[in-house]
Structures are given as structure tokens and as C-alpha cells.
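One structure below.
Numbers here simply count residues along the sequence, with the first being 1.
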Amino acid sequence: MTSRQLIGPPAGRGRTPARAVAVSSAFGTFGELLQGALPDGGPDFLVTLPIARWATATFEYRSADDSVEVSPATKTKARQVAETVLARYADGGGTLRLSGALPEGKGLASSSADLVATARAVASAVGVELPPRVIEDVLRRIEPTDGVMYPEAVAFRHREVRLLDRLGALPPMTIVGIDEGGTVDTLAFNRIPKNFTDAERDEYALLLDRIRTAVRAGDAAAIGQVATRSAHLNQRLCRKRTLNAMTALSAEVGGVGVVTAHSGSTIGLLLPHDVPGFRSRLAEAINRCGQLVHRERVLCYQTLVSS
């Protein structure tokens with residue numbers, strides 16, 4: 001999603017506009033439907049769970065400037081992305097402003113969404129469209145990233161910032177979740193050796209095949225089964241104290257399973273919109289989650305059905 005205002009001639013290196021303003025966004029994710037590693041020394045990977053919450057980047061390009069200012073000033077990685085895109089496609093600098101509804105350190109891909117939105121906004125301001133593969137290349141030089149540059153659920157090699165497979169749109173579901181508190185440094189988590197066994201790697205490969213088939217068939221029940229298994233497998237790496245309670249609650253209210261931020265503090269149950277009595281089940285799930293944690297930590301997000 002991008003809006004753009006130009007002052008000056010058409011874009012392109014050597015003939016970029018004197019000034020331009022562009023606004024772009026990128027969605028976040030509720031943790032991961034699946035995260036693990038493939039057999040025979042294969043790569044670490046994750047499967048995204050896109051949600052209808054976004055990070056937004058506004059970039060004001062100025063050809064007469066050679067610096068990039070960022071607000072909030074703490075978004076240093078976003079500044080790196082802006083500078084990288086400008087170095088490739090235009091001379092000049094500008095001002096980058098970031099905002100959005102994705103809390104940091106919770107496993108909702110807030111950092112990835114910031115960086116993707118930034119790349120899109122800067123490129124748009126100088127008259128360039130960046131396909132996902134090019135955004136991957138830009139971000140690969142900066143940090144491990146979720147696959148939120150793609151408009152649907154994907155299997156993604158997050159450490160290498162490379163697409164593994166495009167799976168497709170998820171069925172409409174509400175994630176009723178909780179924040180167990182605290183934050184997790186995703187970069188530090190990614191540096192920890194996971195030491196997956198051969199048996200675990202084989203299981204992750206089977207789970208990837210299952211969720212690939214399930215997403216393409218729109219099979220919410222099968223998606224939930226894979227997500228639940230991945231959540232339980234991840235307990236030794238990033239423990240969720242409410243996992244057993246949330247798994248039981250999902251079954252009791254008609255959910256299809258649980259999903260966790262494999263390197264964050266959030267956990268949720270997946271409630272398909274076509275379940276009979278959806279509204280009453282949703283209210284019950286919210287109420288019951290409020291009994292597990294303070295109500296301010298109860299979360300509700302919708303799966304992103306189109307971007």
C-alpha cells in the first residue's frame with residue numbers, strides 16, 4: 001500500500017525528483033505457524049502467519065540532502081535500509097518516520113515490518129518498485145528477517161533472508177492470544193545453537209509438507225494441528241508457561257489449535273470464522289484468556305486474507 005507525491009521530473013538515477021513523499025506499509029505476523037530446520041543439515045525456516053496489523057513508513061525524499069533522519073531515532077536498522085535503497089537508486093537523502101500497531105519484542109515481526117515498509121517507501125519516493133526478491137537482498141545485509149515482503153503465508157529461510165516456498169492465503173481466523181510478559185531479542189535468539197536432532201529435522205520436514213498442503217486447501221483444522229505441534233516442539237527453546245492451558249482452551253471453545261511466537265512472548269488459539277456460534281465462542285475465548293493473565297495482556301488479531 002503506497003501513496004506518493006512528486007515535485008520535479010520523473011524518477012530514475014540522474015533524474016530523480018527534487019522532492020517526493022511516499023507512504024508504505026508492511027503487515028506483521030502472530031509468531032509462526034511452524035519453525036524448525038530441515039534434514040541433512042538443511043536450513044532453518046519458518047512459516048509466517050500474516051495478521052491485519054501494519055507498520056507504516058513515511059519517507060520525504062530530498063535530492064539536495066545527503067543524510068537520512070529517522071523518527072524514532074532508535075530505528076537504526078531502518079536508517080540502514082533507507083540508505084541502502086538510496087545508494088542503489090538515487091542521490092540524496094531525506095526524513096523517515098515510522099509508526100504502527102505492532103509491539104516490539106513480542107514475536108509479531110515488528111522489526112521486519114518496519115524494514116520492509118521502509119524499503120518500499122524510500123523506493124516509491126524515488127520512483128522505483130521493489131519486488132520481494134530485491135527487498136530480500138536489501139535486508140539480507142542487515143539482519144535475519146521474516147518473510148513479510150510477500151503478500152501471503154510463506155515458508156521462509158529467515159536466517160538467510162530467502163524465500164523457501166509461497167504457500168498462499170490463510171483462511172479467515174481470529175487469533176485470541178495472550179502476552180506472557182517480557183520481551184525476547186530475536187537477533188540474540190537466532191544466534192543460539194538449536195541443536196535439532198535428526199528425528200526433529202525429519203519431523204519438521206513432514207510438518208512443512210503438511211502445512212503446505214493445508215494452506216493451499218484452506219484446511220484450518222490441519223493448519224492448527226501443525227501449529228500446535230510446532231509450539232510444543234519449541235518448548236525447549238522458548239518456553240510458554242501457558243501452552244498446555246491454551247491448548248486445552250482451544251479444544252474447549254472450538255479452536256483448531258494454538259500458535260506461538262517461537263522467539264517471542266505471545267501465544268494464541270486459532271478460531272476459524274466459519275465455526276458454528278463463532279461470536280459466542282470468541283467471547284468465551286477472550287474471557288477465559290483473561291483468567292490466565294491480566295486482561296490488558298489479552299490479544300485479538302485477524303489473519304490477513306488479502307494485502
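- In this structure, Arg288 pairs ionically with Glu252, as a charged nitrogen and a carboxylate oxygen lie closer than 4.0 Å.
- A salt bridge does not link Glu284 with Arg281: every distance from a Lys NZ or Arg NE/NH1/NH2 to an Asp or Glu carboxylate oxygen is 4.0 Å or more.
- Arg53 contributes no side-chain N or O that, together with a main-chain N or O of Phe27, makes up a donor-acceptor pair within less than 3.5 Å.
- The closest donor-acceptor contact from the side chain of Asp146 to the backbone of Val148 lies at 3.5 Å or more, if one exists at all.
- Cluster annotation: Val226 is connected to Ile175 through the hydrophobic network of ILVMFWY side chains, with a link wherever side-chain heavy atoms come within less than 4.5 Å.
- Under a 3.5 Å cut-off, the side chain of Arg201 and the backbone N or O of Gly42 do form a donor-acceptor pair.
- Side-chain contact annotation: Arg210 with Gln225, donor-acceptor N/O pair under 3.5 Å present.
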Is there a side-chain contact (heavy atoms from CB on, under 4.5 Å) between Leu208 and Leu34? Walk through the geometry before answering. CA-CA 8 Å; Leu208 178 57; Leu34 172 64; 4.1 Å; yes
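- The shortest distance between side-chain heavy atoms of Ile223 and Pro171 falls below 4.5 Å.
- Between atom CD1 of residue Ile178 and atom OG1 of residue Thr266 there is a gap of 9.5 Å, rounded to the nearest 0.5 Å.
- Put simply, the side chain of Thr56 never gets that close to the backbone of Gly100: no donor and acceptor are under 3.5 Å apart.
- Scanning for side-chain hydrogen bond (donor to acceptor under 3.5 Å, both in side chains) contacts around Asp209 gives Arg212, with sequence neighbours left out.
- Note that CG of Leu164 is 6.5 Å distant from CZ of Arg157, once rounded to the nearest 0.5 Å.
- A side-chain donor from one of Ser230 and His262 sits under 3.5 Å from a side-chain acceptor of the other.
- Contact between Ser250 and Val256 at its shortest, heavy atoms only, is OG-N, 3.7 Å.
- Between Arg88 and Asp137 a salt bridge is recorded (basic side-chain N to carboxylate O distance below 4.0 Å).
- Ionic pairing of Arg79 and Glu69 is not present here: no N-O contact between side-chain nitrogen and carboxylate oxygen is shorter than 4.0 angstrom.
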Check the pair Glu203, Arg229 against salt bridge (charged side-chain N to carboxylate O under 4.0 Å, His left out), reporting the backbone distance first and the verdict last. CA-CA 10 Å; Glu203 183 171 5; Arg229 179 57 181 158; 2.6 Å; yes
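- Checked by atom type, the side-chain pair Glu32/Thr48 shows no donor-acceptor distance below 3.5 Å.
- Side chain of Asn234 to backbone of Leu237: no donor-acceptor contact under 3.5 angstrom is found.
- Annotation: the span from Leu96 atom CG to Thr58 atom OG1 amounts to 8.0 Å, rounded to 0.5 Å.
- Between the side chain of Lys75 and the main chain of Arg97, no donor-acceptor pair closer than 3.5 Å is present.
- Asp165 and Arg216 are joined by a salt bridge, as a carboxylate oxygen and a charged side-chain nitrogen come within less than 4.0 angstrom of each other.
- Side chains of His232 and Thr247: a donor-acceptor N/O pair is present below 3.5 angstrom, by distance only.
- Rounding to the nearest 0.5 Å places CE of Met149 at 7.0 Å from OG of Ser112.
- Across all their heavy atoms, Pro272 and Ala220 have their closest contact at CG-CB, 4.1 Å.
- A 4.5 Å side-chain heavy-atom check between Thr174 and Tyr301 finds every atom pair outside the cut-off.
- With 3.5 Å as the limit, one finds a donor-acceptor pair spanning the side chains of Glu143 and Ser111.
- Side-chain polar atoms of Ser110 and Glu104 form no donor-acceptor pair below 3.5 angstrom.
- Salt bridge present: Asp179 and Lys106 bring a charged side-chain N and a carboxylate O closer than 4.0 Å.
- For the atom pair Tyr61 OH and Asp91 CG, the distance stands at 6.5 Å (nearest 0.5 Å).
- At least one donor-acceptor pair closer than 3.5 Å links the side chain of Ser280 to the backbone N or O of Gly277.
- Within 6.0 Å of CD on Gln291 lie more than 12 heavy atoms contributed by other residues, nucleotides or ligands.
- No hydrogens or angles considered: nothing links the side chains of Asn195 and Arg236 as a donor-acceptor pair under 3.5 Å.
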Verdict with reasoning, Glu180 to Thr242, per side-chain hydrogen bond (donor to acceptor under 3.5 Å, both in side chains): CA-CA 8 Å; Glu180 292 194 341; Thr242 60; 2.5 Å; yes
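- Between Tyr204 and Phe196, the ring centre distance stays below 6.0 Å.
- Although no hydrogens or angles enter the test, the distance criterion places a donor-acceptor pair under 3.5 Å between the side chain of Thr228 and the main chain of Val258.
- Note on Arg162 versus Glu136: no salt bridge recorded, every NZ/NE/NH1/NH2 to OD/OE distance being 4.0 Å or above.
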